[in-house]
Amino acid sequence: MYDPKKMKNIYDKMEHGKARLSAIRAAAAEADQHNDIPFKMYFRMDMCYESCFYGDSMDMMVVFPEVLALADKYPETPVTVFDRYIYRNSVDHVLWIYKWILGSCVSFYQIPMEDCLKFFEDAKERFLRHGFNLKTWYHAMYKFYKYIDKEKSVWAFHEFEKLPRDLNSDCKACERNAMIAFYMNQGDMEKAVALSKEIEDFTLTCAEKMAAWLRLKKYFMQYYMKKEEFDKALEYCKMMERNLQNETEYECWDDFLACYAYSDLGKALTIYKEHWKEWQNCRNPSNEYYSCINICRFFRELRKSKEAAENPVKSELMVKLPLDHTFSLYEESGLYSIPKLYDFYYKRAADLAEKFDNRNGADSYRKGLEERLCTTL
């Protein structure tokens with residue numbers, strides 16, 4: 001018997017990840033069969049949430065056009081029992097998720113520039129038509145243009161700062177973290193630190209008490225990683241590790257890998273062995289690009305360590321790894337050449353950099369790669 005409330009209650013008890021996403025997809029299919037318009041929309045929006053915060057956002061980018069099509073066909077669709085206390089109507093819910101779509105355009109080179117700009121124009125028109133201002137729209141524009149036109153990106157952020165909050169705004173803690181990240185990127189650490197105080201003392205919190213604090217630590221860690229001050233980055237890495245609370249957003253294992261590569265190669269090696277496959281299967285090209293850079297950092301430091309400990313004239317330095325046949329360089333012996341592993345991940349990062357820069361009509365990804373890594377070991 002069709003019971004959308006029961007299906008929702010069942011998958012809400014599941015752990016976040018692929019299985020839960022599949023259960024939500026199955027619920028959406030059931031709603032389709034029964035032509036239950038409110039739940040056809042709601043379950044798809046729940047898929048977007050699961051994909052955005054507990055996946056790689058790919059499923060969100062695929063399913064959201066279906067959400068928009070339903071919203072356009074059935075504009076008077078009421079909210080369900082599960083979102084009636086959060087949104088005034090189903091359109092509010094759709095536009096809340098639209099922010100995530102705009103924010104994710106930057107991550108997928110597969111979305112042509114023309115389509116990205118169409119998303120922005122469509123969202124702008126919808127936000128204004130339904131009584132929202134463009135505060136969140138400008139913030140998404142800032143993130144998108146960071147890799148294309150820095151001047152336009154900075155302009156968009158200051159437009160975001162000027163506008164008042166409305167019902168489509170993120171929580172105050174999330175907005176504060178957005179400001180902190182911006183001023184870090186601008187090199188104004190004095191302002192970033194000053195803005196951090198209310199998150200540090202938990203005056204400002206997100207949905208989960210630790211969420212905004214963890215996001216803040218993530219920004220500080222990545223700031224010092226970018227500056228290659230890995231001793232400072234490691235301090236924030238350890239703070240995050242102690243407080244992850246099973247929130248995948250803060251399980252930045254490739255960042256942790258790079259931090260430990262400069263201080264504890266044994267720990268870094270363990271992280272690589274445990275997470276290589278999830279990095280291999282990542283469907284978010286932006287995440288993959290940065291993961292490959294961090295993995296290269298790890299293999300670079302591992303090579304240095306082995307060169308210091310072994311015969312320096314040895315042509316190929318090796319490492320034992322539990323990789324399986326799905327890995328492109330799979331060796332039945334389990335022994336792998338460190339320079340070949342470095343080169344493998346470097347080429348993946350370089351290929352992604354080229355694809356992003358070609359889409360963007362810029363060279364920021366290639367320059368970023370050159371700044372962080374040498375071409376070969």
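The first residue in the sequence is number 1, and the count goes up from there.
For the residue pair Asn284 and Ser286, no side-chain donor N or O sits within less than 3.5 Å of a side-chain acceptor on the partner. Counting only N and O atoms by type, the side chains of Asp122 and Tyr98 include a donor and acceptor under 3.5 Å apart. Defined by atom type and a distance below 3.5 Å, a donor-acceptor pair is missing between the side-chain atoms of Tyr345 and Glu288. A donor atom on one side chain and an acceptor atom on the other are found under 3.5 Å apart for Tyr250 and Arg215.
Ring centroids of Phe53 and Tyr49 are separated by less than 6.0 Å, placing the two rings close together. Between Phe327 and Phe344, the ring centre distance stays below 6.0 Å. Centroid-to-centroid, the aromatic rings of Tyr219 and Tyr236 stay 6.0 Å apart or farther. Tyr365 has its ring centre less than 6.0 Å from the ring centre of Tyr147. Side-chain rings of Phe298 and Tyr342 stay apart, their centers remaining 6.0 Å or farther from each other.
To the nearest 0.5 Å, the span separating CG on Leu195 from CG on Leu216 amounts to 10.0 Å. A distance of 8.0 Å separates CD1 of Ile111 from CD1 of Ile101, quoted to the nearest 0.5 Å. If you take CZ on Phe299 and CG on Leu341, they are separated by 4.5 Å, rounding to the nearest 0.5 Å. To the nearest 0.5 Å, the span separating CG on Asp255 from CE on Met225 amounts to 4.0 Å. Note that OG1 of Thr77 is 11.0 Å distant from NZ of Lys73, once rounded to the nearest 0.5 Å. Here CZ of Arg242 is found 11.0 Å from CG of Leu214. Values are rounded to the nearest 0.5 Å.
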Could you walk me through whether Glu114 and Lys118 pass the salt bridge (Lys or Arg N to Asp or Glu O under 4.0 Å) test, one step at a time?
-> CA-CA 6 Å; Glu114 180 182 0; Lys118 284 180 180 178; 3.5 Å; yes
Determine, step by step, whether Glu241 and Lys238 satisfy the salt bridge (Lys or Arg N to Asp or Glu O under 4.0 Å) criterion, reporting the C-alpha distance in whole Å, the side-chain angles of both residues, the deciding distance to 0.1 Å, and the verdict.
-> CA-CA 5 Å; Glu241 273 195 291; Lys238 290 181 176 180; over 6 Å; no
Could you walk me through whether Glu125 and Arg129 pass the salt bridge (Lys or Arg N to Asp or Glu O under 4.0 Å) check?
-> CA-CA 6 Å; Glu125 188 275 329; Arg129 173 159 41 103; 2.6 Å; yes
Stepwise side chain to side chain contact (heavy atoms under 4.5 Å, CB included) test for Met58 and Ser51 = CA-CA 7 Å; Met58 174 65 83; Ser51 174; 5.5 Å; no
Evaluate side chain to side chain donor-acceptor pair (under 3.5 Å) for Tyr2 paired with Asp36, printing each intermediate quantity in order.
-> CA-CA 10 Å; Tyr2 175 65; Asp36 184 345; 2.8 Å; yes
Begin with the C-alpha distance, continue with both residues' side-chain angles, and end with the deciding distance and a verdict on side chain to side chain donor-acceptor pair (under 3.5 Å) for Ser291 and Asn294.
-> CA-CA 5 Å; Ser291 293; Asn294 284 332; over 6 Å; no
Take Tyr262 and Glu228, measure what side chain to side chain donor-acceptor pair (under 3.5 Å) needs, and give me the verdict at the end.
-> CA-CA 10 Å; Tyr262 296 89; Glu228 298 198 345; 5.7 Å; no
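Side-chain atoms of Glu354 and Asn358, non-hydrogen and from C-beta on, do get closer than 4.5 Å to each other. Annotation: side chain of Leu68 is in contact with side chain of Arg126 (closest heavy-atom distance under 4.5 Å). Annotation: side chain of Tyr272 is in contact with side chain of Leu321 (closest heavy-atom distance under 4.5 Å).
Heavy-atom minimum distance, Trp279 versus Ile295: CE3-CD1, 3.6 Å. Of all heavy-atom pairs spanning Cys206 and Cys171, the tightest one is SG-SG, 3.8 Å. Contact between Ser169 and Lys99 at its shortest, heavy atoms only, is C-NZ, 4.0 Å. The minimum heavy-atom distance linking Cys292 with Arg348 is given by the pair SG-CB, 3.8 Å. Counting all heavy atoms, side chain and backbone alike, Pro339 lies closest to Leu317 at CD-O, 3.8 Å. Closest heavy-atom contact between Lys143 and Val106: O-CG2, 3.9 Å.
Identified under the salt bridge (Lys or Arg N to Asp or Glu O under 4.0 Å) test for residues 46-66, with sequence neighbours left out: Lys8-Asp46, Arg20-Glu50, Arg25-Asp59, Arg44-Glu66, Asp56-Arg283, Asp59-Arg283.
For the pair Lys162 and Glu159, the salt-bridge criterion is met [side-chain N within less than 4.0 Å of a carboxylate O].
At least one test fails for Lys273 against the ring of Trp276: distance under 6.0 Å to the centre or angle within 45° of the axis. A cation-pi arrangement, defined by a distance under 6.0 Å to the six-membered ring centre and an angle within 45 degrees of its axis, is present between Lys152 and Tyr145.
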Distance-only donor-acceptor pairs under 3.5 Å for side chains of residues 186-194, two or more places apart:
{"unit_1": "Asp188", "atom_1": "OD1", "unit_2": "Lys191", "atom_2": "N", "d": "3.1"}
{"unit_1": "Lys191", "atom_1": "NZ", "unit_2": "Tyr183", "atom_2": "OH", "d": "3.3"}

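By the 30° and 60° cut-offs, the orientation of the rings of Phe202 relative to Trp213 is parallel.
The ring-ring contact (aromatic ring centres under 6.0 Å, His included) test with His139 is passed by exactly one of Phe160, Trp100, Phe182: Phe160.
Counting non-hydrogen atoms of neighbouring residues, nucleotides and ligands closer than 6.0 angstrom, the CD atom of Glu15 reaches no more than 12 such neighbours. Other residues, nucleotides and ligands contribute more than 12 heavy atoms inside 6.0 Å of the CD atom of Glu229. Atom NZ of Lys172 sits in a sparse spot, with 12 or fewer heavy atoms from other residues, nucleotides or ligands closer than 6.0 Å.
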